[in-house]
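Because only heavy atoms are used, hydrogens play no part in the values below, and waters and symmetry mates are left out as well, while side chains stay in. So you know, we letter chains A, B, ... as the sequences are listed, proteins then strands, and number each from 1.
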Amino acid sequence: MTSELRSNFLRTQIQSDLEKGVVAELVTRFPPEPNGYLHIGHAKSITVNFGLAEQFGGRCHLRFDDTNPEKESQEYIDSIQEDVRWLGFQWSGEVRYASSYFQQFYEWALHLIDEGLAYVCDLSADDARRYRGTLTEPGRDSPFRDRMPEENRALFEQMRNGSFEDGSRVLRAKIDMSSPNINLRDPILYRIRRAHHHQTGDEWPIYPTYDFAHGQEDAIEGVTHSICTLEFEDHRPLYEWFLANLPVPHLPRQIEFARLNTSYTVTSKRTLKLLVDSGTVSGWDDPRMPTIAGLRRRGYPAAAIRHFCEEVGTSRSDSVVDVAMLESAVRDHLNQHAPRAMCVMTPLKLILTNLESDKDLIIANHPSDESKGSRSVTFSSQLWIDADDFREEANKKYKRLVLGKRVRLRGAYVIEAERCEHNEQGEVNCVYAKVIPNTVGEDPEDGIKPKGVIHWVSAVTGVSATIRLYDRLFTVPNPAKSDDVLSVVNPDSLREVNTAVVEPSLVHAAVESVYQFEREGYFVADRYDHSPSQPVFNLTIGLRDSWGTAK
RNA sequence: UGGGGUGUCGCCAAGUGGCAAGGCAGCGGGUUUUGAUCCCGCCAUUCGCAGGUUCGAAUCCUGCCACCCCAGCCA
């Protein structure tokens, strides 16, 4: 089942647990807090959790870790589900919510109180911090640490009933104020927050903390392997402490892996929000954003993102993956799947002097995949070619149209440039050329082969379109390390081209479908703005260009 | 410097005592009606450093060094 997949420590561990019968079936979960949009880092976590379940014939739950209502909202719950589905995964059973276990958590809190393992603490947030000590000094016991279980129970019930002010008291586990692991210095289990919850409404004036919720959620759901990121490693002893001291129905195991970081991108929620709020990008789904919604709108295929996540591997070492690897996965997928079409970005009129009549040429939609079919393209005496593809004179390294020389028009005839005209500024604004007869699919009979191949669009049937050329959002490999991220934003990350002309077949492109505009790159019909009357394409990623970098 | 982690090619990453996979990037060359794709070849005598054990170490031991995480009533 995993023979074709590279091994990693998670697969090795799970394989072993399954073989030894430690667990009968693998159960994982993707547990986002609905407080923001998912980004490429989450895609990795999703791929790891759902992927493992798929590979080992197990299940993966989608569970919202919604224990902090003040930061959460239904908008995020909706977008997260859409993103997970778009990536191609289906969670096992219904969507789950930590909040649906609140009553159970409350009862378990009472259990700890009765066992003398939890107490209500009246220290203010500031005082609690002072009592906690520092990294090198132990903390001190709270003066409320020795309250009797009966008193704690009464107090906690009053907390639950809304008798106290927000933040006035908390429930804490009684563990060890001198532990070198700060998470064990009597961690907070519940805080008073009379906040409206998107799922439970005003039912609860108290909410459990992450630590008092996560392991128990896993236990309730029968999760076998609770896979999270490295920063939770220090919480594992606490995770296990709750499982050991509560009558839970199942013992999940927490395993940590290194989160995904990619160069030239930023994933902190705060920074992403800053980009949106400052107007640097148009929104959370701007094609330049590393959000799933942004990558989607950019035209990155879900399969390419999944493949990338698999390719970078899963380990425990902090690392920054070169974003070129993501781009490579996108190109690789699109090269195989995207139909080809033609678009001229900077039109230059080409007049064919010896073409008797328009012709309908049949052009393949893919150079090597016949199943992609072909299309009819009108070849007329007035065409558009790209201004960059013509020069009055050039050295032999230039493989495009030159005065007096030949070039192949993609999928059509070989032509020879005869003369050109200039505008008042002295720029070439029209090229006259003759068609070399019988050269569709054939070399010229006189043996003089064309120098190269250029793309074109009929000036008669071509349709003008808006093209958005995107580039990396940041100019430095690690924008997060910058003191002022906005200062390292690439000023040319978006260039809108309004002069483009596309072949008519593209007018009916389905939104979100990606085409390769030959010799230019991959472009996606914008999810929201594209329409037959006003075509809008976003640059997904350019073709590799050894010429552009060599010249 | 209290605790927890991580160090294998420019960037990821397999490898778990038997003689350094693979991908990305890069560099050569070939094919080509996309300067794309594709194809061939090159790219770590060496695994953070220093000792030690062993016939044999990236893998075991010891000691250093570097980097990351933790002092939210965030997750």
- Task: Check the distance between B:G35's P and A:E520's CD and give it to me in whole angstrom.
- Result: 11 Å
- Query: Of the nucleotides B:G15, B:A25, B:G4, which one has an atom closest to the side chain of A:S7?
  - Reply: B:G15
- Query: B:A75 P sits how many Å from A:E256 CD, rounded?
  - Reply: 18 Å
- Euclidean distance, atom CZ of residue A:R270 to atom P of B:C74 [Å, nearest integer]: 19 Å
- Which sits closer to the 5' end of RNA chain B, A:C121 or A:S317, going by the nucleotide each is nearest to? A:S317
Pull out every protein N or O sitting under 3.5 Å from an N or O of nucleotides 36-39 of chain B, one pair per line with the distance.
unit_1 : atom_1 : unit_2 : atom_2 : d
B:A36  : OP1    : A:S546 : OG     : 2.9
B:U37  : OP1    : A:R544 : NH1    : 3.2
B:U37  : OP2    : A:R544 : NH1    : 3.2
B:U37  : O2'    : A:N335 : ND2    : 2.8

Nucleotides 68-72 of chain B: which of its N/O atoms have a protein N/O under 3.5 Å away?
unit_1 : atom_1 : unit_2 : atom_2 : d
B:C68  : O2'    : A:D318 : OD2    : 3.2
B:A71  : O2'    : A:R132 : NE     : 3.4
B:G72  : OP2    : A:R132 : NH2    : 3.1

- Task: Could you measure between the two P atoms, the one in B:G3 and the one in B:C19, and give it in whole Å?
- Result: 39 Å
- Could you tell me if the ring centre of A:Y190 sits under 6.0 Å from that of A:F212? yes
- Item | side-chain N/O A:R193 vs B:C74 OP1/OP2, d < 4.0 Å | yes
- Query: Are side-chain N/O atoms of A:E393 and A:Y398 paired as donor and acceptor at under 3.5 Å?
  - Reply: no
- Message: Taking B:A58 as the reference, what is the distance to B:U45 when you measure between their C1' atoms (whole Å, please)?
- Response: 14 Å
- Does a salt bridge link A:R29 with A:E217, judged by any charged N lying under 4.0 Å from a carboxylate O? no
- Query: Under a 4.0 Å N-O cut-off, is there an ion pair linking A:R375 with A:E503?
  - Reply: yes
- Task: Would you indicate what A:T229 reaches in the nucleic acid, counting non-hydrogen atoms under 4.0 angstrom: base, sugar-phosphate, or nothing?
- Result: nothing
- Item | Side-chain ion pair, A:D446 and A:R406, N-O less than 4.0 Å | yes
- Item | Atom pair distance, as rounded to whole Å: CZ in A:F257 and C1' in B:A13 | 15 Å
- Ignoring backbone atoms, test whether A:T67 places a side-chain nitrogen or oxygen under 4.0 Å from the OP1 or OP2 oxygen of B:A75. yes
- Query: Would you say the base of B:U34 and the side-chain of A:R519 have a donor-acceptor pair closer than 3.5 Å?
  - Reply: no
- Distance, P atom - from B:G26 to B:G72, rounded to whole angstrom: 45 Å
- Query: When you compare B:U59 with B:U53, how far apart are their C1' atoms, in angstrom units rounded to a whole number?
  - Reply: 14 Å
- Message: Is any side-chain heavy atom of A:D388 closer than 4.5 Å to one of A:R519?
- Response: no
- Note on the structure: Whole-Å distance, A:E137 CD to B:G3 C1', equals 15 Å
- Query: Does A:S319 place a side-chain N or O at less than 4.0 Å from the phosphate oxygens OP1/OP2 of B:A13?
  - Reply: yes
- Query: Mind checking the C1' distance from B:G41 to B:U31? Whole angstroms is fine.
  - Reply: 15 Å
- Message: Could you check whether A:R160 makes a cation-pi contact with A:W204, meaning its NZ or CZ is under 6.0 Å from the centre of the six-membered ring and within 45° of the ring axis?
- Response: yes
- Message: Counting only side-chain nitrogens and oxygens, does A:T136 get under 4.0 Å of the OP1 or OP2 atom of B:G3?
- Response: no
- Distance between C1' atoms of B:C43 and B:U8 (Å, rounded): 16 Å
- Distance between the C1' atoms of B:U1 and B:A71, in whole angstroms? 15 Å
- Message: Side chains of A:R400 and A:D386, heavy atoms from C-beta outward: is any pair under 4.5 Å?
- Response: no
- Task: For the residue pair A:L326 and A:Y300, establish whether any side-chain heavy-atom pair is separated by less than 4.5 Å.
- Result: yes
- Query: Does B:G2 have a Watson-Crick or wobble mate here (both distances under 3.5 Å), and if so which one?
  - Reply: B:C70
- What integer distance in Å separates A:D322:CG from B:G10:C1'? 9 Å
- Residue pair A:F164 / A:I206, side-chain heavy-atom distance below 4.5 Å: no
- Query: Distance check: side-chain N/O of A:R6 vs OP1/OP2 of B:A21, anything under 4.0 Å?
  - Reply: no
- Task: Sort out the partner of B:G28 for me: Watson-Crick or G-U wobble, both distances under 3.5 Å, none otherwise.
- Result: B:C40
- Message: Does A:T314 reach a base, just sugar-phosphate, or nothing at all? Heavy atoms under 4.0 Å.
- Response: sugar-phosphate
- Item | Any A:R316 side-chain nitrogen or oxygen under 4.0 Å from OP1 or OP2 of B:U6 | yes
- Message: Just by distance, no angles: are the side chains of A:Q13 and A:D17 close enough, under 3.5 Å, to form a donor-acceptor pair?
- Response: yes
- Query: Please give, in whole Å, the distance from B:G35 P to A:H455 NE2?
  - Reply: 9 Å
- Nearest whole angstrom, please: distance from the C1' of B:A21 to the CG of A:L5. 15 Å
- Message: Quick check on RNA chain B: between A:E518 and A:I192, whose nearest nucleotide comes earlier from the 5' end?
- Response: A:E518
- Message: On the nucleotide B:U6, are OP1 or OP2 found under 4.0 Å from the side-chain N or O atoms that A:S315 carries?
- Response: no
- Message: If the threshold is 4.0 Å, N to carboxylate O, is there a salt bridge linking A:E70 and A:R193?
- Response: yes
- Message: Under 4.0 Å, heavy atoms only, any strand: does A:N8 hit a base, just the sugar-phosphate, or nothing?
- Response: sugar-phosphate
- Message: Roughly how many Å apart are B:G35 and B:G30, using the C1' atom of each and rounding to a whole number?
- Response: 15 Å
